[in-house]
Amino acid sequence: MEPHGPAFPGSVLFGCELTASTKSYTFQVDEEDDSDHILALSVVCLTDGAKDECNVVEVIGRNHENQEIAVPVANLKLSCQPLLSLDNFKLQPPVTFRLAAGSGPVHVAGWHRIMHREDASFEEDDDLSEEDEEDLPPIMPAKK
């Protein structure tokens with residue numbers, strides 16, 4: 001049974017650790033899955049045992065032409081920037097995180113958001129009906 005029930009989108013905490021011995025991690029979903037998946041990254045940070053060296057984290061994914069690309073998203077160093085907020089940086093799986101430089105450990109954290117396609121059939125409200133627009137007060141210019 002799904003944690004939020006079958007009719008609601010779900011979010012599951014995501015995390016992986018990149019180290020000198022485990023330099024990459026691939027996040028992927030089952031291609032047969034009938035859901036849309038988004039990985040929303042919130043933070044990349046150095047964890048206990050990190051050395052004061054540059055740790056570069058790359059994201060490897062696909063561009064609009066379905067070609068593989070690698071993009072550095074963080075350059076962390078214990079003494080000056082041990083953590084970087086990614087503000088829910090959204091990616092579509094499959095995506096690979098790679099420690100391109102440094103020995104880590106670097107922790108990548110965020111949310112795996114799941115939206116079931118068959119549940120997207122709910123009726124959306126129109127923006128505002130014309131009747132509602134008449135009830136809105138006029139927009140006033142800003143005071144200087």
L99/T19 under side chain to side chain contact (heavy atoms under 4.5 Å, CB included): CA gap, chis, key distance, verdict: CA-CA 7 Å; L99 188 58; T19 64; 5.7 Å; no
Interatomic distance, [X] atom [atom1] to [Y] atom [atom2] [nearest 0.5 angstrom]:
X	Y	atom1	atom2	value
L91	R62	CG	CZ	14.0 Å
D36	M115	CG	CE	8.0 Å
F97	H107	CZ	NE2	10.5 Å
T96	Q28	OG1	CD	7.5 Å
C45	Q81	SG	CD	11.5 Å

How about K23: does its NZ atom have over 12 heavy atoms from other parts shown lying under 6.0 Å from it? yes
Is it the case that over 12 heavy atoms from other parts of the model lie below 6.0 angstrom from the CD atom of Q92? no
Verify the distance criterion only: is there a donor paired with an acceptor across the side chains of T22 and E17 at less than 3.5 Å? no
Are the side chains of [X] and [Y] in touch, meaning some heavy atoms are under 4.5 Å apart?
X	Y	value
L18	R98	no
V12	W111	no
N55	E53	yes
S42	L86	no

Same cluster or not: [X] versus [Y], using hydrophobic residues (I, L, V, M, F, W, Y) connected whenever any side-chain heavy atoms lie under 4.5 Å apart?
X	Y	answer
V43	L46	no
L84	F14	yes
F89	V56	no
V95	V108	yes
L76	L78	yes

Kindly give the heavy-atom pair with the smallest separation between A70 and P72, and that separation in Å. O-CD, 4.1 Å
Heavy-atom pair of closest approach, residues V44 and A74: CG1-CB, 4.1 Å
Audit row: N88, K90, side chain to side chain contact (heavy atoms under 4.5 Å, CB included) steps and yes/no: CA-CA 6 Å; N88 289 320; K90 293 176 180 68; 4.2 Å; yes
Aromatic rings H112 and F27: how do their planes relate, parallel, tilted or perpendicular, breaks at 30° and 60°? perpendicular
